[in-house]
Amino acid sequence: MRLKLLLFTVLLLQLGGTTHAQERPVAVGSKNFTEGTLLAEIMAQLLEARGRVVQRRFGFGGTLVAYEALRAGEIDVYAEYTGTIEQVILASDSPLDATALRQRLARLGLELLPELGFDNTYALALTPETAQRHGLSRISDLATHPELRFGLSHEFRDRADGWPGLKRAYGLPQGSSGIEHGLAYRALLGGEIDVTDAYSTDGDLLRYELRVLDDDLGYFPSYRALPLVRADLDAQAKAVLAELGGRVDDESMRALNAEVVVAQRSFAAVASELLAAQGLVAARASVVEDALWRSLLANTLVHLKLTGIAVLAASLAGLGLAVSVHRSQGLSNAVLYATGLMQTIPSIALLALLIPIAGVGQVPAIIALFLYSLLPIARNTITALTTIDPVLRLVARALGLSQLQRLRTIYLPLALPHVLAGVRIAAVVSIGTATLAAFIGAGGLGEPIVTGLALNNTGLILQGALPAAGLAILVELAFEGLERVLVPRHLIATHTLS
Amino acid sequence: MQEIIELRRVTKRYGDTEVLGDLSVGFRRDLATALVGTSGSGKSTLLQVINGLIKPDAGEIRLFGRPLPSGDLFRLRRRVGYAVQGAALFPHLRVARNISLVGEIEGWDRRRLEARTHELMALMNLDDELGQRFPYQLSGGQQQRVGICRAMFTKPEILLLDEPFTGVDATTKREIHSRFMDLIEAEPTTVVLVTHDIQEAYALATDLAIMRNGKIEQQGTVTEVVASPKNEYVASLLRDGLAS
């Protein structure tokens with residue numbers, strides 16, 4: 001009887017397992033800007049309405065990051081633009097027709113689903129005052145105004161189809177400076193820059209009542225949006241996403257974007273409204289907004305996990321490294337130079353460099369934080385071990401302690417306050433740096449910051465920045481407590497040696 | 001009498017400087033020898049050659065009748081006590097643990113460690129209560145006595161002392177000297193004491209070895225050497241020492 005029950009349970013579990021396998025969760029990704037996130041939310045909600053489980057992996061920092069995530073199978077789909085696929089992903093010099101595009105993507109294991117119906121090309125934006133003052137309405141008008149200051153997003157400045165080509169095509173005399181896209185409009189309104197790049201469907205254009213210059217030479221290629229999916233995504237999910245074909249035109253996309261950035265409504269609410277309006281979802285699903293504390297807690301836990309694993313690993317590695325090299329001046333210097341070099345690589349660059357090796361998500365983030373944590377820990381440990389009073393070393397040897405015994409009972413305990421200080425620095429710095437990990441989809445407290453930057457939403461930015469600062473303070477206090485427990489009081493202060 | 005420490009034609013150089021030059025010397029078992037000489041005459045180096053901390057460039061060293069280095073150098077060092085100027089106690093360890101560290105390394109059980117610590121502290125006139133303090137909470141004289149306890153923990157057959165009693169006032173020094181004499185009377189060991197202080201040599205040692213430029217200038221019992229100094233260097237050293 002008992003056996004039958006057991007068999008039955010096993011059978012049930014297996015059944016459950018198979019259904020689960022068929023309904024593998026679909027990981028929907030997005031780049032970190034409003035429209036990309038909104039389209040991702042629309043795709044996610046439609047999939048959910050059709051009974052699929054969805055993982056939302058929003059906020060990848062740029063095309064290459066999202067593309068690498070897709071290639072690596074970290075995500076199954078994200079919204080991309082035809083122009084971007086040609087120029088950035090396939091690095092093609094000439095426009096490709098639809099067949100060629102599909103063929104080349106197929107070789108990469110990727111597939112295009114039907115276009116959504118709008119063309120979000122690049123545009124140059126400026127305030128109506130600037131336009132009026134200089135009589136600007138077309139891009140070619142800019143050629144005679146070399147004094148205008150261009151503040152352009154980093155991606156636009158670097159893309160072949162962005163600023164370099166535009167400058168050449170129109171013979172523009174101006175130089176340009178790089179600016180985070182989320183900050184560009186403020187700079188524009190504040191008069192710090194005169195012209196910036198924008199997406200033609202950007203809701204901010206409505207919000208700030210900005211002018212867009214006419215691309216009179218027809219320079220910008222078209223950027224028709226569509227879901228870019230992994231070819232191995234199951235047919236049902238592809239069919240669901242294909243339902244979105246032709247559902248969103250230019251005007252409605254700009255309005256949807258404005259709903260988010262101007263009316264400050266949530267992605268979820270705006271997405272669900274569109275799906276209902278298009279008749280794709282029977283009734284407008286009531287959107288349950290995640291409680292603030294819940295997302296805060298989830299982000300904080302991820303953040304602690306990223307920094308915790310990284311700093312713990314760096315502590316072990318840094319300590320081991322320091323112990324094994326501290327007796328040789330040359331090796332110690334080599335370790336300090338190498339770990340110091342790591343610090344000079346900007347975090348964003350390091351994260352980007354790690355993508356080809358470790359993909360996107362939490363693993364590369366942890367690796368980057370680990371590398372940054374090594375220097376303070378290794379440096380402090382090496383310094384502490386090499387500055388121990390030589391007379392104490394002499395006595396420890398003379399008493400007949402082996403090298404291991406000396407390390408364990410004398411050197412490491414004496415070095416402990418410095419080692420702890422190093423770990424403390426590493427931990428606090430990591431908590432700050434880990435906010436950048438959201439750019440490669442690692443989550444954590446950087447997520448609201450990245451989204452807030454994309455939305456130009458200070459409240460959202462603070463939702464990440466304040467807890468991160470609080471966490472840093474808590475970690476400081478925790479280490480202070482730890483020090484008090486582990487280190488005799490007279491060694492913390494000035495009485496290092498009696 | 002059998003010599004427990006023997007050095008034959010030992011030479012040690014640092015670059016161009018010869019710290020020990022073709023030095024030969026022996027020390028008699030269970031007696032105290034004071035090693036006296038001007039600064040830089042090689043006294044401390046000689047001590048560290050004896051317990052294998054410094055490897056000589058040439059020459060032979062025999063400890064307990066066997067050539068050094070032989071076998072487990074760490075274990076050998078635990079049979080040779082060592083104390084230095086300023087005590088150099090480990091600042092992060094409580095006094096009792098400083099004293100018993102070598103026994104701990106030797107794997108003694110707790111009861112034995114405590115008993116031996118108590119015994120030594122009593123011999124050196126240190127309150128048991130001091131055992132729970134950290135070194136910085138002790139006076140200089142107390143720290144010196146703790147340093148001697150630590151060196152004597154495993155009843156070593158050889159005790160090497162590198163000016164362990166300098167830096168305290170005369171009264172304290174006399175008190176420590178008398179305690180030290182009690183200790184080595186209770187637990188006889190071969191003492192090699194490096195000192196600047198001839199009075200200290202008179203007070204503690206049977207034999208006297210005078211060092212000069214990395215060589216032994218004269219060696220004998222304290223009375224012999226004082227009675228007939230070999231040359232003006234020895235004579236002036238003894239005179240200056242007596243005056244101080």
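In what follows, every chain begins at residue 1, and chains take the letters A, B, ... in the order their sequences are listed.
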Using non-hydrogen atoms only, which part of B:L93 is less than 4.5 Å away from chain A: side chain, backbone, both, or neither? side chain
Is it the case that over 12 heavy atoms from other parts of the model lie below 6.0 angstrom from the CD atom of A:Q329? no
Mind running side-chain contact (heavy atoms from CB on, under 4.5 Å) on B:R150 and A:V395 for me, showing each step along the way? CA-CA 11 Å; B:R150 178 174 67 183; A:V395 171; 3.2 Å; yes
Determine yes or no for a side-chain-to-main-chain donor-acceptor pair under 3.5 angstrom, with A:R397 supplying the side chain and B:L53 the backbone. yes
Side chains of B:H92 and A:I410: closer than 4.5 Å at any heavy-atom pair? yes
Around B:R75, counting heavy atoms of other residues, nucleotides and ligands shown, do more than 12 lie under 6.0 Å from its CZ? no
For B:A88 versus A:L392, what's the shortest heavy-atom pair and its separation? O-CD2, 3.4 Å
Quick one: side chain to side chain donor-acceptor pair (under 3.5 Å) partners of B:T172, sequence neighbours excluded? B:D169
Please give me the minimum heavy-atom distance between B:R97 and A:T409, naming the atom from each residue. NH2-CG2, 3.9 Å
Nearest heavy-atom pair of A:Q405 and B:I105: which atoms, and what distance? NE2-CG2, 3.3 Å
Check A:P488 against B:F134 and note the closest heavy-atom contact, atom names and distance. CB-CZ, 3.7 Å
Test of understanding: with side chain to side chain donor-acceptor pair (under 3.5 Å), list the residues that count as partners of B:R116, not counting sequence neighbours. B:E119, B:E187
How about NE2 on B:H177, more than 12 heavy atoms from neighbouring residues, nucleotides or ligands closer than 6.0 Å, or not? yes
Minimum heavy-atom separation for A:G400 and B:R78, please, with both atom names. O-NH1, 2.6 Å
Which atoms of A:R406 are under 4.5 Å from chain B, going by heavy atoms: the side chain, the backbone, both sets, or neither? side chain
Can you see which heavy atom on A:L399 is nearest to which on B:Y82, and at what distance? CD2-O, 4.2 Å
Which residues pass the side chain to side chain donor-acceptor pair (under 3.5 Å) test with B:D182, sequence neighbours left out? none
To the nearest 0.5 Å, how far apart are CG in B:D72 and OG in A:S402? 9.0 Å
Among residues 42-51 of chain B, residues within the sub-4.5 Å heavy-atom range of chain A, in order of number, are B:Q48, B:N51
Can you tell me which portion of A:L416 sits under 4.5 Å from chain B's heavy atoms? Options are side chain, backbone, both or neither. neither
With no hydrogens and no angle check, is any side-chain donor or acceptor of A:H490 less than 3.5 Å from a backbone partner on B:P91? yes
For residues A:L401 and B:R77, determine if any side-chain heavy atom of one lies less than 4.5 Å from a side-chain heavy atom of the other. no
